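Here's the structure, in structure tokens; my notes come after.
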Amino acid sequence: MKVEELVSVINSDFYAGVPDSLLAALGNYLVQTYGVTPEHHVIAANEGNAVAAAAGYHFATGKVPVVYMQNSGQGNIVNPVASLCNEKVYAIPMLYIVGWRGEPGVHDEPQHIFQGEITLKLLEDMDVPYMIIDKDTTAADVEAKMKEFNELFAQGKQASFVVRKGALTYDNNPEYTNDYLMTREEIISHIIDVSKDDIVVATTGKTGRELFELREARGEGHEKDFLTVGSMGHSSSIALGIAAQKKDRRVWVIDGDGAMLMHMGGMAVIGSSDVDNLVHIVINNGAHESVGGLPTVAEKIDILKIAEGCGYTSVSSVRDAESLDKKLSEIKDAKGRVFLEIKSRIGSRADLGRPTIPARINKENFMEYLK
């Protein structure tokens with residue numbers, strides 16, 4: 001189904017959400033049509049933020065907003081859906097578009113398996129009726145369902161379209177770029193040149209995949225690395241939990257700008273703590289690159305001021321390999337809570353693989369290494 005048909009039938013002029021690879025057609029269409037403006041299209045820090053912004057739109061206009069997300073983001077919307085939008089509270093009508101990663105019977109990565117199994121049940125538990133959109137769904141099918149949904153919206157209820165892999169298409173696929181020189185994989189290689197046998201926590205998405213493949217290429221083991229294959233935005237807090245218990249070990253967390261923004265409160269907790277053995281690195285390419293490249297707001301804000309305000313003891317930013325190596329040599333033994341932003345080019349190798357070690361084995365090997 002062409003995404004233009006879906007959008008036409010929905011007939012809303014406000015979308016908010018977090019990009020998803022299964023919804024790339026929708027994200028690209030919205031960026032091409034509206035750009036990223038709070039009036040029509042908000043790329044939110046997390047899915048709960050998107051629901052809240054959509055609620056504000058409804059208050060201001062009386063119209064029905066649309067919130068899009070990967071199904072992994074359902075956890076972030078449970079609170080605002082249940083305690084703000086539900087008809088027993090403020091009765092805010094809203095349409096959700098959910099990408100169905102990990103659908104039962106469809107091969108996917110381990111972080112999506114259980115989430116895929118409970119996707120529909122979560123909607124049912126939140127009292128959100130849904131329709132599944134697949135490759136055979138037509139505009140007429142969606143139009144018929146929207147008539148039902150509109151009756152629900154009139155009662156202050158919510159509804160959802162659950163989108164299967166490959167269900168939506170869009171002919172105009174823009175290429176997202178920036179002017180920075182270093183690739184993320186190159187940056188990670190420089191980091192592990194210096195981290196040596198220290199503990200490394202990698203954020204979700206391509207960061208962990210590239211770290212895994214770099215270790216393979218070097219003939220190194222993976223036991224010193226924790227790959228946060230899911231749970232976007234929580235890697236820095238995982239690293240804090242480790243650093244606080246292993247005060248004689250150095251802990252590096254390799255984060256991304258989208259992940260950092262998703263749960264930025266973690267920075268405040270880290271910065272205000274007394275740990276002195278943590279290095280928080282944010283590789284900032286200004287994009288949700290692991291799910292297609294749509295922009296984050298990271299290029300429009302001063303991340304260093306945020307880190308400084310949170311209480312990190314050392315704060316800096318680099319954008320080229322020479323400066324990176326110099327900074328890494330300065331901070332490799334520094335005490336405190338070190339924050340380093342590294343500007344990165346958007347993009348990755350076309351043949352980038354995925355970790356071949358099961359997640360539970362990674363955890364067991366990692367815990368043994370922590371001993």
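None of these values were measured; they are calculated from a predicted model.
Residue Asn178 holds its CG atom at 9.0 Å from NZ of Lys343, rounded to the nearest 0.5 Å. If you take CD1 on Ile303 and CD1 on Ile301, they are separated by 5.0 Å, rounding to the nearest 0.5 Å. With rounding to the nearest 0.5 angstrom, the OH atom of Tyr90 is 7.5 Å from the CG atom of Leu84. Atom-to-atom distance recorded for Leu340:CG and Ser314:OG is 8.0 Å, nearest 0.5 angstrom. Met1 contributes atom CE, which lies 7.5 Å from atom OG1 of Thr137 (distance to the nearest 0.5 angstrom). Distance check: Ser236 OG to Ile254 CD1 gives 13.0 Å after rounding to the nearest 0.5 Å.
We find that Glu368 and Lys371 are joined by a salt bridge, their nearest charged nitrogen and carboxylate oxygen being less than 4.0 Å apart. We find that Asp141 and Lys145 are not joined by a salt bridge, their nearest charged nitrogen and carboxylate oxygen being 4.0 Å or further apart. Ionic pairing of Lys327 and Glu330 is present here: one or more N-O contacts between side-chain nitrogen and carboxylate oxygen are shorter than 4.0 angstrom. With respect to Glu213 and Arg349, a salt bridge is recorded, a charged nitrogen being found less than 4.0 Å from a carboxylate O.
Closest heavy-atom contact between Gly293 and Tyr176: O-CG, 3.2 Å. Residues Ile92 and Ala55 approach most closely at CD1-CB, 3.9 Å, considering heavy atoms.
Between Tyr15 and His40, a ring centre-to-centre spacing not shorter than 6.0 Å is recorded. The aromatic ring centroids of Tyr96 and Tyr130 lie 6.0 Å or more from each other.
Residues passing the side chain to side chain contact (heavy atoms under 4.5 Å, CB included) test with Lys224 are Asp197, Arg215, Tyr369, sequence neighbours excluded.
Here the side chain of Arg249 pairs a donor or acceptor atom with the backbone of Leu370 at under 3.5 angstrom. A donor-acceptor pair is defined here as one N or O able to donate and one able to accept, closer than 3.5 Å; such a pair exists between the side chain of Arg250 and the backbone of Ala334. The main-chain N or O of Lys63 is found under 3.5 Å from a side-chain atom of His58 such that the two form a donor-acceptor pair. Listed for the Thr207 side chain is no donor-acceptor partner under 3.5 Å among the backbone atoms of Thr204. When atom types are taken as modelled, the side chain of Glu103 and the backbone of Gly116 share no donor-acceptor pair closer than 3.5 angstrom. Not one N or O on the side chain of Asn76 forms a donor-acceptor pair closer than 3.5 Å with the backbone of Asn46. Using modelled atom types, no side-chain atom of Asn365 and backbone atom of His222 make a donor-acceptor pair closer than 3.5 Å.
A perpendicular orientation is assigned to the rings of Tyr312 and Phe339, their planes being inclined by more than 60° (bins at 30° and 60°). Aromatic ring orientation, Tyr170 versus Tyr29: perpendicular (interplanar angle above 60°, classes split at 30° and 60°). Between Phe14 and Tyr57, the ring-plane angle classifies as parallel under the 30° and 60° cut-offs.
With Arg101 as reference, Asp108 is the one residue of Asp108, Asn71, Asp20 to meet the side chain to side chain donor-acceptor pair (under 3.5 Å) rule.
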Check step by step if salt bridge (Lys or Arg N to Asp or Glu O under 4.0 Å) holds for Asp198 and Lys246.
CA-CA 11 Å; Asp198 292 340; Lys246 297 292 181 180; over 6 Å; no
Verify side-chain contact (heavy atoms from CB on, under 4.5 Å) between Val78 and Met126, making sure each step is shown before the conclusion.
CA-CA 7 Å; Val78 169; Met126 291 188 290; 4.0 Å; yes
Applying side-chain contact (heavy atoms from CB on, under 4.5 Å) to His41 and Thr33, what does each step give before you reach the verdict?
CA-CA 9 Å; His41 179 214; Thr33 303; over 6 Å; no
Tell me, with the steps shown, if Glu299 and Asn284 meet side-chain contact (heavy atoms from CB on, under 4.5 Å).
CA-CA 8 Å; Glu299 285 292 272; Asn284 181 8; 3.5 Å; yes
Audit row: Val42, Val36, side-chain contact (heavy atoms from CB on, under 4.5 Å) steps and yes/no:
CA-CA 6 Å; Val42 175; Val36 183; over 6 Å; no
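By the rule that hydrophobic residues join a cluster once side-chain heavy atoms approach within less than 4.5 Å of another member, Ile191 and Met260 end up as members of separate clusters.
Under a cut-off of 6.0 angstrom, the local environment of CD in Gln155 is crowded, with over 12 non-hydrogen atoms contributed by other residues, nucleotides or ligands. No more than 12 heavy atoms of other residues, nucleotides or ligands lie within 6.0 Å of CD in Glu308, so this atom counts as exposed by the packing criterion.
Each salt bridge (charged side-chain N to carboxylate O under 4.0 Å, His left out) pair with one or both residues in residues 273-290, not counting sequence neighbours, appears once here: Arg184-Glu289, Lys206-Glu289.
Under the 3.5 Å distance criterion, with hydrogens and angles disregarded, no donor-acceptor pair is assigned to the side chains of Gln70 and Gln115.
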